[in-house]
Amino acid sequence: MKAAGLEFDFTHSGITSAKIARASRRFAPIVKYVNGTIAKNDYSNDAASLNLPSETKFLRESRSLAREFSGADALVMVGIGGSNLGTSAVLQAVKGSYYNLENPDKQVFFADTTDSRSIAAIARLVSSKKKVVINAVSKSGSTTETIANFRVLKNHLPKAKIIVTTDAGSKFEAAAKANGYPTLEIPSKVGGRYSVFSNVGLFPLAWVGLDCHALLAGAKEMRDSCLRNEENPASAMAVLLHANAMAGRRIHDHFLFASDLEGVGKWYRQLLGESIGKEWDYYGKRRVRTGITPTVSIGSTDLHSVGQLYFGGPRDKFFRVVSVAGEKTSPKVLPERAFDKLAPGISGKSLDKIMNAIVEGTKGAMRKQGLPYASVQLPDLKEHTIGALLQEEMLETMLLGELFAVNPFDQPAVESYKQETRRLLSR
Ligand code: PA5
């Protein structure tokens with residue numbers, strides 16, 4: 001199945017295509033509702049994030065602010081969870097894990113947890129820069145870690161320009177305005193883990209120089225393709241995740257055969273973890289204590305750490321094997337007589353070709369062991385593709401909420417740790 005340039009294969013998912021198609025019919029009322037939301041560009045309900053791929057307002061705002069601050073040589077992103085995982089995932093996927101080393105004049109740092117050494121290191125690293133921008137992102141405007149790090153960094157970097165991204169009407173917005181800082185809005189019904197295509201992700205990504213238009217176009221193409229076709233990857237993945245969980249496979253592993261996709265795996269971990277991991281059903285009436293544990297593996301690195309467990313251990317996992325089509329520029333292993341016999345078959349082949357053999361070898365081993373998996377092949381790691389991938393995973397998670405009969409948009413159990421921390425700190 002192909003959508004927005006991504007190739008999905010569910011042949012070895014443990015569920016037949018007829019069953020996937022039958023189960024997907026259940027989504028028809030939600031799809032109808034969501035299409036209505038998009039047609040009206042309605043931001044008043046939980047499906048609001050699905051408007052973002054076709055929204056021009058935030059793209060304009062973010063680009064204009066990014067242009068204003070384009071002379072800066074460092075951007076410090078202060079935020080946690082849904083307020084930074086998406087941005088860092090897209091940046092890493094598109095620009096690579098060595099982005100900062102390759103771009104010393106336009107570096108991006110992420111300050112999330114209140115870890116003294118990391119925050120002090122960020123402050124040290126940017127203190128020698130000519131112009132620094134701090135973008136504090138907090139939907140609620142009251143997350144302890146974000147506000148603490150923001151205040152520490154602001155005081156360590158008195159000349160830094162500050163931009164605040166938050167819900168319109170939050171106390172953080174009022175404080176920012178009172179201090180004369182520019183603010184960017186997050187629509188109130190767009191939850192943190194669904195917010196990457198809002199100003200949350202668009203400002204920093206535009207500042208770096210990413211093609212945000214292509215990012216949104218990819219998301220839009222995927223969204224529209226999934227909402228127009230009864231058989232689509234988002235519905236299929238939701239059905240597969242649910243059916244595998246019901247069959248006792250309650251661990252879902254993203255096996256990413258591209259190191260630069262690790263951030264995408266971590267972003268998805270929050271998305272699936274917070275959206276489906278619930279104590280109560282949708283109506284808050286029935287205690288369900290349900291969820292799927294998302295894990296992230298990097299291929300082939302983690303075949304050398306958890307491969308033994310996956311192939312030989314308990315049958316409690318459903319895998320999503322994500323790979324990327326090879327590139328012409330992939331470096332080649334040149335034939336050299338002295339080394340040719342060490343690892344047979346690699347001489348004259350490119351690293352992408354070798355990686356492809358490892359991907360297929362992994363899938364073959366999974367089939368032999370009877371481990372169910374879905375495969376996703378990306379054409380490249382460009383903005384359009386990453387936008388499409390993230391959108392498919394968000395849509396799939398929303399549909400999965402329906403199958404688990406839970407609310408995929410709230411996170412009441414996270415709130416409880418936040419409140420308890422605040423209580424302890426206010427003593
Ligand atoms: O998905 C969510 O809503 C949460 O994980 C939040 O993103 C996270 O807790 C950060 O919250 P805030 O953006 O309000 O600072």
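For clarity, every value in this text was computed on a predicted model and none was experimentally measured. Just follow the structure's listing: the first ligand is 1, and inside any ligand the first atom is 1.
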Minimum side-chain heavy-atom gap Y194-L50 below 4.5 Å | no

The ring-ring contact (aromatic ring centres under 6.0 Å, His included) partner of H254 among W267, Y268, F318, F319 is Y268

Which is it for Y373 and Y310 under the ring-ring contact (aromatic ring centres under 6.0 Å, His included) test, yes or no, and what are the steps along the way?
-> CA-CA 12 Å; Y373 66 87; Y310 291 175; over 10 Å; no

If you count only heavy atoms, which residues are under 4.0 Å from ligand 1?
-> I80, G81, G82, S83, S138, K139, S140, T143, G192, R193, Q270, E274, Q411, K418

Side-chain contact test, heavy atoms from C-beta onward, threshold under 4.5 Å: evaluate it for T385 versus L6 and give yes or no.
-> yes

With the threshold set at 4.0 Å, does a side-chain nitrogen-carboxylate oxygen contact exist between D281 and R287?
-> no

Is any side-chain heavy atom of P233 closer than 4.5 Å to a side-chain heavy atom of M222?
-> yes

